[in-house]
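Worksheet: one structure, shown below.
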Amino acid sequence: MVLPGPGQGRSQAPQISGVPQHVAIIMDGNGRWANERGLPRTEGHRQGEIALMDTIAGAVEIGVKHLTVYAFSTENWRRSPQEVRFLMGYSRDVIRCRATELNEWGVRINWWGRRPRLWKSVINELEAAHELTADNTALDFNMAVNYGGRAEITDAVNQVAHEVEAGRLTAGHISEGAFAKRLYAPGAPDVDLLIRTGGEQRISNFLLWQCAYAEFSFNPLPWPEYNREALWDDILAFTGRERRFGGAVDKVQP
Ligand code: IPE
Ligand code: IPE
Ligand code: MG
């Protein structure tokens, strides 16, 4: 099924200033959405594909430059073997089926995550999709698959330790910037807006380093009901926030 791309939705993106550069989404609530309808959890994941494609189109339309979505966490291996198998196979198939469409939309597909344990066929699809879309510039779409914030930081620590051992870095002189260069995507900016659908209010090990000063939006909509209009609403609310980054302005003069 071909889905409506950027500019082909029911409504037009609002023309606003202050659009966040980097939006991250914890796509949660699939299982509960399905179970409430008497369907198995996997049906919720299936519906999530349509929500994802519409949200990507909406991100391109409104001018977000980086969109990172949580597809499978390093903790999701705790689920039943059937659900894990479904999620692996489904991630692989979604990337395979949608890469051409995303390429036409000008989207570059990137993978953030850990290699061990992740199905080889999923890695192959992610790498092929990246290769196909590597020259696109409309949006960097990052799929976090077998991703954990602590795993990412631990992997970077190990990388730093190797480089110290090899004499390329000096212990005691490693800056935040040098450390950040060892994360999965060194060039990506910090997250401006973190959205979690499904009603839970927690970070569940997502982008722990990159969310240091992110604004949070806990959206009660389950992921299968999310779409580009919901994204625009979350972004509109974000533009009204006052971000201080630890600074302060005295509005009353002594
Ligand atoms: C998010 O939805 C998708 C993944 C974790 C892969 P869930 O599967 O967590 O759905 P709920 O939160 O149980 O409803
Ligand atoms: C976070 O959702 C992971 C993804 C959306 C991929 P979970 O459903 O796994 O998180 P918890 O278990 O509710 O914290
Ligand atoms: Mg969940």
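Note that these values count all heavy atoms, side chains included, but never hydrogens, waters or copies made by symmetry. In listed order, ligands and their atoms are each counted from 1. Sequence positions, counted from 1, serve as the residue numbers for this chain.
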TODO: Check each of Arg79, Glu75, Arg202 against atom 7 (P) of ligand 2 and report the one with the nearest heavy atom.
DONE: Arg79
Open item on the list: Is the contact between Glu200 and ligand 1 made by the side chain, the backbone, both, or neither, using heavy atoms and a 4.0 Å cut-off?
Closed with: neither
TODO: May I ask you to identify, for Ala71, whether its side chain, its backbone, both or neither come under 4.0 Å of ligand 1 on a heavy-atom basis?
DONE: backbone
Task: ligand 1 N/O within reach of Arg32 N/O, cut-off under 3.5 Å - done: yes
Open item on the list: Please determine whether a side-chain nitrogen of the Lys or Arg among Arg115 and Glu127 lies less than 4.0 Å from a carboxylate oxygen of the Asp or Glu.
Closed with: yes
Open item on the list: Between ligand 1 and Gly198, can you find any atom pair, the residue atom being a heavy atom, that is separated by under 4.0 Å?
Closed with: no
Open item on the list: Is the ring pair Tyr147/Phe206 parallel, tilted or perpendicular, if the boundaries are 30 and 60 degrees?
Closed with: perpendicular
TODO: Verify salt bridge (charged side-chain N to carboxylate O under 4.0 Å, His left out) between Glu242 and Lys251, making sure each step is shown before the conclusion.
DONE: CA-CA 13 Å; Glu242 191 189 342; Lys251 289 189 175 141; 3.7 Å; yes
TODO: Before signing off on this row, confirm whether Ser204 and ligand 2 have an N or O atom pair separated by under 3.5 Å.
DONE: yes
Open item on the list: Can you name the atoms of ligand 2, numbered from 1 with element, that are less than 4.0 Å from a heavy atom of Asp28?
Closed with: 2 (O), 8 (O)
Open item on the list: Less than 4.0 Å is my threshold; does some heavy atom of Arg196 fall inside it relative to ligand 2?
Closed with: yes
Task: Heavy-atom side-chain contact between Arg108 and His130 under 4.5 Å - done: yes
Task: Atoms in ligand 1 flagged as close to His45, the criterion being non-hydrogen separation under 4.0 Å - done: 3 (C), 8 (O)
Task: Part of Phe72 within contact of ligand 2 (heavy atoms, under 4.0 Å) - done: backbone
- [ ] Give the residue and atom name of whichever protein heavy atom lies nearest to atom 9 (O) of ligand 2, and the separation in Å to one decimal.
- [x] Asn76 ND2, 2.9 Å
Task: Sub-3.5 Å N/O-N/O distance, Tyr70 and ligand 2 - done: no
Open item on the list: If the contact criterion is a heavy-atom separation under 4.0 Å, does Gly48 count as touching ligand 1?
Closed with: no
TODO: Assess Asp28: does it contribute an N, O or S atom lying under 2.8 Å from the Mg ion (ligand 3)?
DONE: yes
